[in-house]
**Student:** 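Structure provided below as C-alpha cells; questions to follow.
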Protein chains: 2
Amino acid sequence: MTISNRKERQKEELKAKILQTAKALFMERGYEETSIRNIAERIEYSPTTIYLYFKDKDDIFYALHREGFVLLNQYFRALGHVEDPFERLKAIAKAYVTFALENGEFYDLMFIIRSPMNALEKEKKEELDWEEGDRAFGFLVNTIEECIAKGYFKGMNAEVLAFTTWSMVHGICSLEIRNRCSVVSELNQPNLAMRACEMVNEILNRMHTVSPS
Amino acid sequence: MTISNRKERQKEELKAKILQTAKALFMERGYEETSIRNIAERIEYSPTTIYLYFKDKDDIFYALHREGFVLLNQYFRALGHVEDPFERLKAIAKAYVTFALENGEFYDLMFIIRSPMNALEKEKKEELDWEEGDRAFGFLVNTIEECIAKGYFKGMNAEVLAFTTWSMVHGICSLEIRNRCSVVSELNQPNLAMRACEMVNEILNRMHTVSPS
DNA sequence: ATATTTTACTTAACGGTGTTAAGTTACAGA
DNA sequence: TCTGTAACTTAACACCGTTAAGTAAAATAT
C-alpha cells in the first residue's frame, strides 16, 4: 500500500516537475525556443522520459495553456464584486488587457499559438476539462446578459456581443504581442495598447444608449 | 551588354521563381510546413542556392508578406469610390474580414506570424518599402479623419480610433484563423466571424451620435 | 529463495529543420 | 590561353520531435 502510494506520488511529482520546468523555459524564451530536449536537460532526464508522462509536445503546452486560464480567472475573480454589470464589463476589458501585457508568453499560448488547440482536437472525445476556459468566457457572457437585462445593448445577442467584445481586446493584445504596433504608429508602445483599451471603454460608453439603426 | 543583361534578367527570374514557389507551398500547407528544402526540391535546385537570392527564411516570408499587403490593398481600392466616409469605414471593416477569410494563410503571415517582423527588424535602417502596409493603414486613418471632419466620433483621436477599429476586426479574424472560435460557441464557424463583423457595423452605427461621457 | 514479470528509464536512431563553409564547374574578360 | 568570378552543389553543423529497442532494478509469483 504505502509503497505503491509513494511510487504513484513520485510519478506525479516528476510529471509536475516536467510541467514546471516547461513553464519556466517557456516564460524565459517562449514557445519556439522551448524544446523537449531542453526540458529534459534541465531536469536531468533523457528526452524520451518525457514521453512517458506526456503524449507529445502539444500535450505539454495544452497543460500550460490550462494554467494560463487559471491565472486569467484570478484576474477576473477580483471583479466579481463589481455590482453594476456595465461597470464590471468595462473592468473585464481592462483586466484582460492588463493580463495580456503582464503575461505575454502565456497570452500567446492561450490565444495565438496553435499547439494547445492541436492537443484539444486530438482528445476530442471528452474534452470536459476545458472548464477554466469556459469559466472565463462565461463570466463575460453573463455580465453582458446582465447588462442587457438592465436595458443596455438593446436588441443585441449576448453571445455574439461577448465574442465581439472579446475580439476587440484580443485584437489589441495580439497586435501588441506579435509586434504589429510599432510598425503603424510613433506612439511608444505599451501606450498604444493602453490608449486603445481606454477607447474600448469609450466605445462601450457610447454604445448602450442609442437604439439599433 | 546584352549578354550581361540576360544574366541579370535570369537572376531576377530565378528569384521570382523561388518566391512564386514559396508562395504556392505556403498557400497549400502554411508557414510551418514550408521549408527551404521543400522549395528547393520543387524548383530543382539545391537548398543552398536559395541563400544566394534571399538572406534567410524570414527574408522570403517578408517578401510574401509584402505581396499580401498588395492583395489587401486591392480589396480596399474598390472602396475608394464610396463617397460617404462613414459608409466607407464600415465597408473597410467588412472588406478586411472578407480578405482574411478568403486568404487565411496570407492573413496569418501578415498579422500573426512573427517571421516577417524579424526580417523587418534586421533591415531596420531603410525600411522605406513598407509602403503597401502604410497605404492600407493610411486608408483607414484618412477615412476616420474624414468622418471626424464630418462630425462623427467627436472628441476622439483619429489614429487611436483607427488602431482600435483595426483591433476589432483583427480580433475577429485572428481568433477565427487560430481556431479559438469553435471552442467558445456552438454557432457554426464562419458564421460567428460574420456575425461579429455585422456587430462591428452596429457598434460603429451606435457610436457616432453620442457625445463623450 | 529463485524465477518471472513489470516499471522506469536510457541509448540509438529516423527523418526532418535552418544555415554555413568549402568545393566545383563553366563562362566572361584580359 | 589564362585567370578570376559568378552560379551552383556537396557536405556538414547543430538543432528539432518522436519512436523502437534495450537495460537494470524492483515487485510479484512460484
Side-chain angles (χ1 to χ4, degrees), chain A residues 1-19 21-22 25-26 28-64 109 113-119 121-122, chain B residues 1-19 21-22 25-26 28-64 109 113-119 121-122:
Chain A
M1 284 298 162
T2 185
I3 165 167
S4 80
N5 274 14
R6 191 212 61 205
K7 287 231 160 183
E8 203 175 320
R9 202 178 59 237
Q10 281 180 338
K11 275 207 81 169
E12 269 168 35
E13 276 170 14
L14 184 47
K15 180 161 186 171
K17 193 171 184 179
I18 291 168
L19 218 50
T21 307
L25 282 171
F26 169 70
E28 282 170 32
R29 350 197 310 185
Y31 175 80
E32 300 290 347
E33 263 55 61
T34 302
S35 68
I36 302 270
R37 284 171 153 93
N38 279 330
I39 299 167
E41 191 187 28
R42 193 171 280 201
I43 61 174
E44 294 173 292
Y45 281 80
S46 90
T48 50
T49 298
I50 289 173
Y51 287 88
L52 303 172
Y53 295 85
F54 293 92
K55 197 181 155 297
D56 55 22
K57 198 185 177 186
D58 291 340
D59 196 22
I60 296 172
F61 283 95
Y62 175 65
L64 288 184
L109 185 61
I113 290 171
R114 290 209 153 99
S115 175
M117 293 294 118
N118 296 343
E121 271 177 30
K122 279 176 220 154
Chain B
M1 282 303 162
T2 186
I3 165 165
S4 80
N5 275 13
R6 192 211 61 203
K7 289 230 158 187
E8 202 173 323
R9 202 177 59 238
Q10 282 179 338
K11 276 207 80 168
E12 269 168 35
E13 275 169 12
L14 184 47
K15 180 160 186 170
K17 193 171 186 181
I18 291 168
L19 219 49
T21 306
L25 282 170
F26 169 70
E28 284 170 31
R29 327 144 38 145
Y31 175 78
E32 300 290 348
E33 263 55 59
T34 303
S35 68
I36 302 270
R37 286 173 154 91
N38 281 178
I39 299 168
E41 190 187 29
R42 193 171 278 201
I43 60 175
E44 296 173 291
Y45 280 80
S46 90
T48 50
T49 299
I50 291 174
Y51 287 88
L52 302 172
Y53 294 85
F54 293 92
K55 197 180 152 298
D56 54 21
K57 199 186 176 187
D58 291 340
D59 196 22
I60 295 173
F61 283 94
Y62 176 65
L64 287 184
L109 185 61
I113 290 170
R114 290 212 154 96
S115 176
M117 291 296 117
N118 296 343
E121 271 177 30
K122 279 176 220 153

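This one's a predicted model, so the numbers in the text were calculated from it and none came from an experiment. These numbers come from the heavy atoms of this one structure, side chains and all, not from hydrogens, waters or symmetry mates. Chain A is the first sequence line, chain B the second, and so forth, proteins listed ahead of strands; every chain is numbered from 1.
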**Student:** Please determine whether a side-chain nitrogen or oxygen atom of A:Tyr45 lies at a distance below 4.0 Å from atom OP1 or OP2 of C:dC9.
**Tutor:**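 A:Tyr45 to C:dC9 OP1/OP2: side-chain N or O found under 4.0 Å.
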**Student:** Side chain of B:Lys57, backbone of B:Thr34: donor and acceptor closer than 3.5 Å?
**Tutor:**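 Checked: pair present.
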**Student:** Look at the side chain of B:Arg37 and the base of C:dG16, then say whether one donor and one acceptor between them are separated by less than 3.5 Å.
**Tutor:**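 Check fails, no donor-acceptor contact within cut-off.
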**Student:** Could you tell me the separation between the CG atom of B:Leu19 and the CG atom of B:Leu64, rounded to the nearest 0.5 Å?
**Tutor:**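 The CG atom of B:Leu19 sits 5.0 Å away from the CG atom of B:Leu64.
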**Student:** Give me the residues of residues 46-61 of chain A where at least one heavy atom lies under 4.0 Å from an atom of DNA chain D, by number, or none.
**Tutor:**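 Under 4.0 Å from DNA chain D: A:Thr48, A:Tyr51, A:Asp56, A:Lys57.
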**Student:** Could you report the tightest heavy-atom contact between A:Pro116 and A:Tyr62, atom names first, then the distance?
**Tutor:**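 Closest approach of A:Pro116 to A:Tyr62: O-CD1, 3.6 Å.
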**Student:** Round to a whole Å and report the spacing from CD of A:Glu33 to P of D:dG17.
**Tutor:**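 For the pair A:Glu33 CD and D:dG17 P, the rounded distance is 11 Å.
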**Student:** I need the CZ-C1' distance between A:Arg114 and D:dG17, as an integer number of Å.
**Tutor:**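 That distance rounds to 19 Å.
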**Student:** Please report, rounded to the nearest Å, how far the P atom of C:dG16 is from the CD atom of B:Glu32.
**Tutor:**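 Rounding to the nearest Å, CD of B:Glu32 and P of C:dG16 are 17 Å apart.
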**Student:** Select one nucleotide: of D:dC8, D:dC16, C:dT17, the one nearest the side-chain heavy atoms of B:Asn38.
**Tutor:**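 Among D:dC8, D:dC16, C:dT17, the one nearest the side chain of B:Asn38 is C:dT17.
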**Student:** What is the distance from CG of B:Asn118 to P of C:dT19, rounded to the nearest Å?
**Tutor:**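 Taking atom P of C:dT19 as the reference, CG of B:Asn118 is at 11 Å.
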**Student:** Test A:Ile60 against A:Ile50 for side chain to side chain contact (heavy atoms under 4.5 Å, CB included), laying out the working first.
**Tutor:** CA-CA 9 Å; A:Ile60 296 172; A:Ile50 289 173; 3.8 Å; yes
**Student:** Separation of A:Lys15 atom NZ from C:dC9 atom C1', in whole Å?
**Tutor:**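 One finds 17 Å between C1' of C:dC9 and NZ of A:Lys15, rounded.
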**Student:** Grab the CD-C1' distance between A:Glu44 and C:dA8 for me, whole Å please.
**Tutor:**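 Atom-to-atom, A:Glu44 to C:dA8, this comes out as 17 Å.
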**Student:** For A:Leu14 and C:dT7, give me the distance from atom CG to atom P, rounded to whole Å.
**Tutor:**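 Spelled out: CG on A:Leu14 to P on C:dT7 is 16 Å.
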**Student:** If you count heavy atoms of other groups shown closer than 6.0 angstrom to CD of B:Glu28, is the number above 12?
**Tutor:**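 Yes - once you tally the heavy atoms of other residues, nucleotides and ligands closer than 6.0 Å, there are more than 12.
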**Student:** Would you say A:Tyr53 and A:Leu14 make side-chain contact, with heavy atoms under 4.5 Å?
**Tutor:**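 Counting from C-beta outward, A:Tyr53 and A:Leu14 do come under 4.5 Å.
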**Student:** Using whole Å, what does the distance between atom C1' of nucleotide C:dG15 and atom CD1 of B:Ile36 come to?
**Tutor:**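 The answer, rounded to whole Å, is 18 Å.
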**Student:** Any chance you could measure A:Glu32, atom CD, to A:Ser115, atom OG, to the nearest 0.5 Å?
**Tutor:**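 If we round to the nearest 0.5 Å, A:Glu32:CD and A:Ser115:OG are 9.5 Å apart.
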